[in-house]
Amino acid sequence: MRILLVGAGGVGSAVVPIAARRHFFEHIVVADSQQDRAAAAVAKVADPRFSAIALDASDQAAVEAALAEHRCDVLFNAVDPRFTMPLFRAALNAGAHYLDMAMSLSRPHPRRPYELPGVKLGDEQFAMDGAWRDRGRLALVGMGVEPGLADVFARYAADHLFESIDEIGIRDGSNLVVDGYDFAPTFSIWTTIEECLNPPVIWEDGGWRTTEPFSEPEVFDFPEGIGPVECVNVEHEEVLLVPRWVDARRVTFKYGLGEEFIGVLKTLHKLGLDNAGKIRVGGVETSPRDVVAASLPDPATLGDRMRGKTCAGTWVKGVGKDGGPREVYLYHVVDNEWSMREYGCQAVVWQTALHPVVALELLATGAWTGSGVLGPEAFDAVPFLDLLGEYGSPWGVRDQLAAALQPA
């Protein structure tokens, strides 16, 4: 397998040391608009199976040419979702397989944004499913940690733990602290603004509906010492992916953002600084959101200042295989101290980068096969979860009903 990895930011640079420990691929070309950033990611592993090039992810023709020049049979999209569609089309035109962690962007309903979805996350990609099938190529979409591993957990629960499912809720929380900063997001602020300020989507009783940002707050108790964190509704791909392959009455995504973080996002929105469109300031044309992103520290550089753990997981409630009520939380926890010591990567970007590498190995070995535009739920979860253990990052499952009966 020869892979064109587009993007050497936090997640893309974390992919390199993870993949360097494995042997399923022949070569990975790390491409970024800043060649020095791609070269720096490659230099850290000193492995001849990696090389670095400069590439503009928005230039579809250039991406197609790079796929051909380097004989890559997979395009791995590790840039923010603004560039999803040119990369998606480039891979299809070049006859390559494709993998991403963030799907094509949504657009709110023009009149009833907090009731009805407009263009949903991934709609543009799923509209091209037939073209991918006709070419016999696979576009594996939403294959990070959330979406990604969270969707694998949903598939596993449906196949092995439940007879029927009432609700699937992706729940993400952490106790991470970044020393020395009043405000320092641990993930791309561009993507965070996009998903947090758009109307969240909920799957319920056979259809999708929307609600207001940060709605339906709940306190969720996260495992391995993280503890209770307030989580709120956020727009995320799992809600658009899971119901396509897993039968559940209701699907939600809730993120533990914290009151201060939500306040900052609301202020950015009030001031128009969340706007991704271009405006002219003096003689310069730029996006307010890009200015915000440039003003904040690069999340990939925060590892030495971070402490704590991050948890991604899938809460499932329904009827178990024994016919009785069941409620579980399947989860994956990363300790920042461990990920920095082992890989030199902070916990959030490392956790996001790990799971697409596992998926690529399953595709390379033939354990996962398919064509068309498919989410992680379309594949058998067991090979993925087994391989995750081989990568030295095990997952867990907590019986929620039993935990609720334990004395405080």
Side-chain angles (χ1 to χ4, degrees), residues 10-11 101 144-154 157 167-179 181 183-189 191-193 195-197 200 202 211 213-239 242 250-266 299 302-303 306-317 327-339 346-355 393-400 403-404 406 408:
V11 175
M101 297 170 285
V145 59
E146 291 173 340
L149 177 64
D151 307 70
V152 172
F153 282 153
E167 184 166 359
I168 295 174
I170 315 306
R171 299 293 182 265
D172 181 305
S174 77
N175 60 3
L176 291 168
V177 175
V178 182
D179 294 324
Y181 288 98
F183 182 74
T186 58
F187 201 70
S188 163
I189 187 62
T191 304
T192 300
I193 288 172
E195 62 191 24
C196 290
L197 293 177
I202 293 172
T211 182
F214 317 121
S215 60
E216 299 181 359
E218 67 175 59
V219 175
F220 192 86
D221 187 17
F222 288 91
E224 298 194 20
I226 295 174
V229 177
E230 185 178 76
C231 299
V232 293
N233 279 321
V234 167
E235 181 191 49
H236 233 249
E237 286 91 342
E238 294 92 330
V239 180
V242 169
R250 178 177 162 90
V251 181
T252 59
F253 178 96
K254 293 189 180 183
Y255 200 0
L257 294 170
E259 185 177 342
E260 180 185 15
F261 199 102
I262 291 173
V264 170
L265 291 174
K266 286 181 175 179
L302 296 176
M306 283 172 58
R307 49 190 167 86
K309 299 177 181 179
T310 185
C311 178
T314 304
W315 166 72
V316 188
K317 180 181 179 181
E327 185 178 338
V328 300
Y329 182 59
L330 302 100
Y331 63 90
H332 183 258
V333 172
V334 179
D335 186 312
N336 188 73
E337 181 182 354
W338 176 86
S339 65
Q346 58 104 318
V348 177
V349 298
W350 186 88
Q351 188 183 46
T352 305
L354 170 65
H355 305 289
S393 190
W395 58 286
V397 57
R398 182 177 66 188
D399 187 322
Q400 297 289 95
Q406 291 179 357

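Below, each value reflects all heavy atoms present in this structure, side chains not excepted, and no hydrogens, waters or symmetry copies.
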Is there a side-chain contact (heavy atoms from CB on, under 4.5 Å) between S174 and F222? Walk through the geometry before answering.
CA-CA 8 Å; S174 77; F222 288 91; over 6 Å; no
From T310 atom OG1 to L176 atom CG, the distance as rounded to the nearest 0.5 Å:
5.5 Å
Hey, which of E238, E216, E230 is the one that makes salt bridge (Lys or Arg N to Asp or Glu O under 4.0 Å) with K254?
E216
Is there a donor-acceptor contact under 3.5 Å linking the side chains of E146 and H236?
no
For the backbone of G169 and the side chain of T252, can you confirm whether one donor and one acceptor N or O come within less than 3.5 Å of each other?
no
On a heavy-atom basis, the closest approach of V334 and S339 is CG1-CB, 3.9 Å
If you take all heavy atoms of W395 and V397, which pair is closest and at what distance?
CZ3-CB, 4.3 Å
For N233 and P200, indicate whether the former's side chain and the latter's backbone hold a donor-acceptor pair under 3.5 Å.
no
In this structure, CD1 of I262 is separated from OH of Y255 (nearest 0.5 Å) by 11.0 Å
For E167 and W315, test the side chains for any donor-to-acceptor distance below 3.5 angstrom and give the result as yes or no.
no
Using the side-chain contact (heavy atoms from CB on, under 4.5 Å) rule, pick out the option among V145, V152, D151 that qualifies with H355.
V145
Which distance, rounded to the nearest 0.5 Å, do you find between the CG of L265 and the OG1 of T192?
7.5 Å
Note: V316 and A157 closest approach over all heavy atoms is CG2-CB, 3.9 Å
Could you list the residues that satisfy side-chain contact (heavy atoms from CB on, under 4.5 Å) with R307, not counting sequence neighbours?
V177, D179
Short side-chain to backbone donor-acceptor contact, Y329 and R171, under 3.5 Å:
yes
So, taking the atom named NE2 in H332 and the one named SG in C311, what distance separates them when rounded to the nearest 0.5 Å?
9.5 Å
Minimal non-hydrogen separation, P228 against D221, with atom names
N-OD1, 3.5 Å
Starting from the C-alpha separation in whole Å, work towards a yes-or-no answer on side-chain contact (heavy atoms from CB on, under 4.5 Å) for V234 and D172.
CA-CA 11 Å; V234 167; D172 181 305; over 6 Å; no
Here the gap from Q351 atom CD to L149 atom CG, rounded to the nearest 0.5 Å, amounts to 7.5 Å
Minimal non-hydrogen separation, G256 against V229, with atom names
CA-CG1, 3.8 Å
Check: N336 side chain, A347 main-chain N or O, donor-acceptor pair, under 3.5 Å:
yes
Could you grab the distance from atom NZ of K317 to atom CD1 of I168, nearest 0.5 Å is fine?
13.5 Å
Closest heavy-atom contact between A312 and F153?
O-CE1, 4.3 Å
